[in-house]
Novice: 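So that we are looking at the same thing, I have put the structure below in structure tokens.
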Amino acid sequence: MENNLYIFNTLSRKKEQFVPIHENKVGMYVCGPTVYSDVHLGNCRTFISFDIIYRYLIYLGYKVRYVRNITDAGHLEGDRDEGEDKFAKKAKLEQLEPMEIVQKYTIGFHEILSIFNTIPPSIEPTATGHISEQIEMVKSILESGFAYEIDGTVYFNVEKYSKNLPYGILTNRKLEDLLEGTRELDGQDEKKGRLDFALWIKAKPETLMQWPSPWGWGFPGWHIECSVMSTKYLGKTFDIHGGGMDLQATHHTNEIAQSQACNHTTPVKYWMHTNMLTVNGVRMSKSAGNGFLPKELFSGSHPLLERGYSPMTVRFFMAQSHYRSTLDFSNEALQASEKGFSRLMEGYKRLQKLTASAVSTIQTAGLRLKCEEAMNDDFNTPIAISHLFDALKAINLVYDGKETISVADLDELKIVFKTFIEDILGLKSENTTSTGNESYKKAIDLLLNMRLEAKQNKDWATSDKIRNELTALGFEIKDTKDGFEWKL
RNA sequence: GGUACCUUGGCCGAGUGGCUAGGCACCGGUCUGCAAAACCGAUCACGGCGGUUCGAAUCCGCCAGGUACCUCCA
């Protein structure tokens with residue numbers, strides 16, 4: 001299959017033409033959430049970005065296997081292979097079983113992603129469901145000589161690995177620099193090298209989630225699950241691995257090392273990293289406390305928000321920036337997106353009502369190609385959207401009777417709009433009136449018909465009163481040549 | 001301290017050597033009883049200094065400011 005898709009590969013820090021390993025097929029792995037608390041908006045940005053990427057790959061005709069894991073074990077509070085397990089800590093706080101925590105937040109995560117209209121991945125494996133495979137991989141890494149065991153805990157030997165293979169390729173860093181950057185660890189540490197990380201961690205007696213292993217009871221290190229599950233479902237080498245940029249330096253770097261040590265091959269052809277969401281210029285993060293939850297965003301209940309914004313407004317807002325750029329959250333920016341989105345969707349609805357003429361007096365033919373070119377350039381959604389807005393102008397001109405469009409052009413325009421707005425960008429109309437009941441609609445129509453009569457009698461006082469009061473209730477009233485239109 | 005990245009008009013946000021990005025806001029106009037919506041038009045730009053070049057927002061250097069990673073986070 002021929003395509004001109006170019007993807008920015010973190011490995012080379014360049015845009016590279018996308019050539020799948022197996023013709024017509026794409027294997028894509030994205031690091032999913034650790035389900036110990038509510039998913040926050042920054043996480044959502046990454047998953048929405050990859051949702052659009054997934055949708056576009058499908059549009060191009062690829063058969064995509066999209067794997068996104070759920071981390072439900074082994075993720076410690078600190079990454080120094082000490083500290084408390086996140087699930088255990090939360091379980092104590094909420095007085096629940098760790099698996100109740102996992103269940104609760106997994107459901108919440110799915111709910112939110114569904115509200116954002118993302119397509120579920122093909123496979124969503126969990127760490128706890130792959131304990132034996134993780135043990136096998138740890139064994140294999142031990143056999144290859146890149147790991148060592150100390151008292152029930154298995155560590156990856158970074159120094160030894162880096163003698164044979166480049167450890168810091170993903171962040172373009174040398175081992176010496178990394179070592180220099182690592183601060184001295186206070187307290188006891190049994191690791192041989194400062195950069196070494198745990199593959200398997202010995203359980204303490206009070207550890208809630210633990211499994212038997214050749215090294216005694218314990219639980220897997222955080223990084224190993226991704227190596228295991230991506231290998232299992234996508235093979236030793238697969239096409240795309242994605243995740244947030246914050247995972248690049250540690251998690252993904254270690255993942256490469258593990259997979260390489262076990263499978264003796266480069267695990268991933270294209271590494272893709274999404275940039276961070278910021279609030280007032282500072283990264284939105286769990287620890288900084290400036291991250292709001294999707295529900296707070298929808299309802300406007302967070303102190304930083306002036307009011308609520310709908311899920312599709314947020315999705316559109318995110319699509320208006322490129323996935324590799326930071327995106328700054330502000331009320332002003334969200335309101336701008338809300339209006340723009342509303343205008344786009346209004347135009348999309350109008351498009352369905354247009355009547356074709358014998359000839360086109362406007363130029364819309366190249367739209368699909370332009371949008372494809374934008375998406376082919378490392379999924380440049382903001383450019384694709386700008387082309388849709390250009391076409392929107394043409395739609396409105398035809399709607400106003402100032403220009404005409406031919407049947408063929410109209411049909412193509414309808415298909416392209418549907419394809420890019422719904423299928424690729426994953427946007428959908430949120431107009432509530434379409435789901436409202438009939439009597440309610442008729443009541444509004446009745447009021448507006450009364451207003452129409454008042455207008456015909458030039459009773460502007462009554463006519464304005466009806467319109468103003470409805471407007472105050474949130475309705476938008478538009479007068480047309482032969483009547484009116486309204487929406488909530 | 002080390003490493004990397006960023007700085008675009010009132011706001012958001014594309015763009016990597018010459019050609020109007022786009023959205024929102026604002027201003028003028030068309031339409032309208034007045035509005036709204038829509039359309040047309042105008043205004044506003046590339047952090048600072050220097051260099052390369054016929055030509056730089058785009059390449060190079062320096063400076064200033066900011067952010068991220070190096071410590072859990074998508």
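Per chain, numbering begins at 1; letters A, B, ... match sequence-line order.
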Novice: Does any N or O donor sit under 3.5 Å from an N or O acceptor when you compare the side chain of A:Asp464 with the base of B:rG33?
Specialist: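 Yes, a donor-acceptor pair under 3.5 Å.
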
Novice: Watson-Crick or G-U wobble partner for B:rG61, using a 3.5 Å limit on both distances?
Specialist: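 WC or wobble partner is B:rC49.
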
Novice: Of the options B:rG13, B:rA25, B:rA14, whose atoms approach the side-chain atoms of A:Leu327 most closely?
Specialist: B:rG13

Novice: Below 4.0 angstrom, N of the basic side chain to O of the carboxylate: do A:Asp51 and A:Arg315 qualify?
Specialist: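 Answer for the salt bridge query: yes.
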
Novice: Would you mind telling me which residue lines up with the more 5' stretch of RNA chain B, A:Met245 or A:Ser386, judged by nearest nucleotide?
Specialist: A:Ser386

Novice: Considering Watson-Crick and G-U wobble pairs with both distances under 3.5 Å, what does B:rU3 pair with?
Specialist: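 Across any shown strand, B:rU3 pairs with B:rA68.
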
Novice: Compare all side-chain heavy atoms of A:Tyr105 with those of A:Asp72 and state whether any distance is below 4.5 angstrom.
Specialist: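 When only atoms from C-beta onward are counted, A:Asp72 and A:Tyr105 do not touch, as no gap falls below 4.5 Å.
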
Novice: Closer than 4.0 angstrom, basic N to acidic O: yes or no for A:Glu346 and A:Lys349?
Specialist: yes

Novice: Identify, between A:Ser325 and A:Gly340, the residue whose nearest nucleotide on RNA chain B lies closer to the 5' end.
Specialist: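 The residue whose closest nucleotide sits nearer the 5' end is A:Ser325.
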
Novice: Hey, is A:Phe47 stacking on B:rA74? Ring centres under 5.5 Å, planes under 30°.
Specialist: no

Novice: Is there a donor N/O on one and an acceptor N/O on the other, under 3.5 Å, for the side chain of A:Arg343 and the base of B:rC24?
Specialist: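 By the distance-only test, no, there is no pair.
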
Novice: Between B:rA74, B:rA14, B:rA37, which nucleotide has the shortest distance from any of its atoms to the side chain of A:Arg350?
Specialist: B:rA37

Novice: For the pair made of CZ in A:Phe329 and C1' in B:rG13, what is the distance, rounded to whole Å?
Specialist: 14 Å

Novice: We want to know whether A:Ser12 and A:Glu16 form a side-chain donor-acceptor pair, criterion being a heavy-atom distance below 3.5 angstrom.
Specialist: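 Checked: A:Ser12/A:Glu16 side chains pair up, N/O donor to acceptor below 3.5 Å.
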
Novice: Quick one: which of B:rA74, B:rC40, B:rA25 gets closest to the side chain of A:Leu277?
Specialist: B:rA74

Novice: Among B:rG22, B:rC12, B:rG33, find the nucleotide with the atom closest to the side chain of A:Trp460.
Specialist: B:rG33

Novice: Ignoring the backbone of A:Lys393, work out which of B:rA74, B:rC39, B:rG13 is nearest its side chain.
Specialist: B:rC39

Novice: Does A:Arg467 get its side chain close enough to the base of B:rA36, under 3.5 Å, for a donor-acceptor pair?
Specialist: no

